[in-house]
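Values below: every heavy atom of this structure, side chains too, minus hydrogens, waters and symmetry copies.
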Amino acid sequence: MLCRFASAGRSSAKLTAPLGCLVSRQKHTLPDLPYDYGALEPHINAEIMQLHHSKHHATYVNNLNVAEEKYKEALAKGDVTAQVSLQPALKFNGGGHINHTIFWTNLSPNGGGEPKGELMEAIKRDFGSFASFKEKLTAVSVGVQGSGWGWLGYNKEQGRLQIAACANQDPLQGTTGLIPLLGIDVWEHAYYLQYKNVRPDYLKAIWNVINWENVSSRYATCKK
C-alpha cells in the first residue's frame, strides 16, 4: 500500500499529463513562495524554509523535467520498456512537485487558530470536533514510517473529509483519489534543523501557521 487511510476514499486525478501532451508542454518551474523565508518563524525557521524550497523542491522540479523529456523520447521511439522504467521517477518527482506546491500555500505567517464556515462545519460533521480532527491528523502524521506526508483530503464520491498518510512523495490524489486540502510534510528535511528528530514537536508547532483560508478555498473549489 502506497498510502494509508484513516478511512477509505475515491476520486479522480492524474499525476502526469496525457501522453500526447508531453510533446508540446512547457517545463515545470519552481513556484515563488507567497511570503519570505523567515515569515513563519519561530515555528519554522528561515534556514529550513530556504533549503526546503530552493533546494529540495527545486530538485523535484528539475528531475521531473528530465524524466518527462526522457519519457517523450521513449514515446517517440516506441520504447515501452523505457516508458515503464521511467514511471517511478515521474511519480516521485512529480509527486514532490505537486505536494510542495500545495504545502507552501497551506502555510501562512497569519495562519493558525481554527477554520471557519463550511470547512469547520464539515470537520465537526466528519471528525466530531476540531480538536478531534487535529489530534487524528497529528497522530497519522507522527506515525508515518520514514518519510512521507499527512493529509486532509476530500472524498468527492462520498462527500466527506478524510485523513490519510502517504509514503515518500506519493501524491494524495494520484494514488488515493482524495482531493488534497491540507498537507503536512514529515520528511526530516522539513524540520530536522530546528526540531532534530522530534517530529511531534514540529507537528505541534506547524498548527500555528496553517493557512485556513487556503484550505477553506480548496474545500469550496472541490465541492463545485
| message | For a side chain to side chain contact (heavy atoms under 4.5 Å, CB included) check, start with the C-alpha distance between K196 and Y191, then their side-chain angles and the critical distance, and finish with the verdict. | response | CA-CA 7 Å; K196 305 309 178 189; Y191 61 88; over 6 Å; no

**Asked** Under a 4.5 Å side-chain heavy-atom rule over Ile, Leu, Val, Met, Phe, Trp and Tyr, are I44 and V142 clustered together?
**Response** yes

Q. Side chains of D201 and K204: closer than 4.5 Å at any heavy-atom pair?
A. no

Note to self: Would you say that S54 contacts Y37 through its side chain, given a criterion of any heavy-atom pair below 4.5 Å between the two side chains?
What the structure shows: yes

Notebook entry, point to check: Hey, does C166 have a side-chain heavy atom less than 4.5 Å from the side chain of T175?
Noted result: yes

>> Looking at E118, I want to see if its CD is surrounded by more than 12 non-hydrogen atoms of other residues, nucleotides or ligands under 6.0 Å.
In response: no

*So does K70 have more than 12 non-hydrogen atoms from other groups sitting under 6.0 Å from NZ?*
no

The reported gap from CH2 in W151 to OG1 in T176 (rounded to nearest 0.5 angstrom) is 9.5 Å

ask   = Hey, do the aromatic rings of H56 and H100 have their centres closer than 6.0 Å?
value = no

Closest non-hydrogen atoms of S129 and I123, given as atom of the first, atom of the second and distance, are O-CG2, 3.9 Å

Minimal heavy-atom distance between P109 and L40, with the atoms involved, is N-CD2, 3.5 Å

ask   = Will you find, in the side chains of N214 and N106, an N or O donor that is under 3.5 Å from an N or O acceptor?
value = yes

Residue set satisfying ring-ring contact (aromatic ring centres under 6.0 Å, His included) with Y195, at least two apart, ordered chain then number -> none

Any donor-acceptor pair under 3.5 Å linking the side chain of N93 with the backbone of A89?
yes

Q) Would you say M49 and L193 are hydrophobically clustered, going by side-chain heavy atoms of ILVMFWY under 4.5 Å? A) yes

May I ask you to test the L86-E68 pair for a side-chain heavy-atom distance under 4.5 Å? no

Using the ring of each side chain (for Trp, its six-membered ring), is H52 parallel, tilted or perpendicular to F103, with breaks at 30° and 60°?
tilted

Check: Would you say the side-chain atoms of H53 pair up with the backbone N or O of P31, donor to acceptor, closer than 3.5 Å?
Finding: yes

Indicate yes or no: at least one non-hydrogen side-chain atom of K156 is less than 4.5 angstrom from one of I179.
-> yes

So OG of S147 and CG of N168: to nearest 0.5 Å the spacing works out to 6.5 Å

Going only through I, L, V, M, F, W and Y residues with side-chain contacts under 4.5 Å, is there a path from L182 to F130?
-> yes

Parallel, tilted or perpendicular, judged at 30° and 60°: which one describes the rings of H189 and Y60? tilted

**Close side-chain approach of H57 and V61, heavy atoms under 4.5 Å** = yes

Practice problem: Indicate yes or no for a side-chain donor-acceptor contact from D36 to the backbone of A39 under 3.5 Å, with no hydrogens or angles considered. | Solution: no

- Quick one: are the ring centres of Y202 and W207 less than 6.0 Å apart? no

task = Using a 4.5 Å cut-off on heavy atoms from C-beta on, say whether the side chain of L64 contacts that of F92.
result = no

For L172 and G153 the tightest heavy-atom approach is CD2-CA, 4.1 Å

A82 and S85 have their tightest heavy-atom pair at O-OG, 2.8 Å

Is a donor on one side and an acceptor on the other found under 3.5 Å between the side chain of N208 and the backbone of A205?
-> yes

Is a side-chain N or O of Q194 found less than 3.5 angstrom from the main chain of P42, in a donor-acceptor match? yes

*Are E121 and K124 ion-paired here, with the side-chain N under 4.0 Å from a carboxylate O?*
no

**Prompt:** Is the side chain of T138 donor-acceptor paired with the backbone N or O of K134 at a distance under 3.5 Å, no angle test?
**Reply:** yes

Does any part of the side chain of N211, heavy atoms only, come nearer than 4.5 Å to the side chain of L107, both counted from C-beta?
no

Output for pair (I210 CD1, L137 CG), nearest 0.5 Å, gives 8.0 Å

Original post:
Under the 3.5 angstrom rule, does the side chain of R160 hit a backbone N or O of A122 as a donor-acceptor pair?
Top reply: no

Heavy-atom nearest pair, N99 first then P171, reads OD1-CA, 3.6 Å

Note to self: Can you confirm whether more than 12 heavy atoms, excluding those of E135, are under 6.0 Å from its CD atom?
What the structure shows: no

Would you say the side chains of T105 and R218 form a donor-acceptor pair under 3.5 Å? yes

CG (N45) and CD (Q50) are apart, to the nearest 0.5 Å, by 10.5 Å

Practice task
Say whether Q169 and W149, considering side chains only, have a donor N or O and an acceptor N or O under 3.5 Å apart.
Solution key: yes

*Cluster check I206, L33: I/L/V/M/F/W/Y, side chain < 4.5 angstrom*: yes

Check this for me, if you would: do K116 and E213 make a salt bridge, where the nitrogen-to-carboxylate-oxygen distance has to be below 4.0 angstrom? no

With sequence neighbours left out, the residues meeting ring-ring contact (aromatic ring centres under 6.0 Å, His included) with F127 are F133

Does W187 offer a backbone N or O that forms a donor-acceptor pair with the side chain of D185 under 3.5 Å?
-> yes

Applying ring-ring contact (aromatic ring centres under 6.0 Å, His included) to H43 and not counting sequence neighbours gives none

Taken to the nearest 0.5 Å, the spacing of T81 OG1 from Q83 CD works out to 9.0 Å

For G113, is there any backbone N or O sitting under 3.5 Å from a side-chain donor or acceptor partner on W212? yes

| query | Does any N or O in the side chain of E41 come within less than 3.5 Å of the main-chain N or O of A46, such that one atom is a donor and the other an acceptor? | reply | yes

Rounded to the nearest 0.5 Å, the CG atom of L119 sits from the CG atom of L161 at a distance of 6.5 Å

Exercise. With the 4.5 Å side-chain cut-off for hydrophobic clustering, are M120 and L181 part of the same group?
Worked result: yes

What one should report as the nearest heavy-atom pair of Q173 and P180 is OE1-CD, 3.6 Å

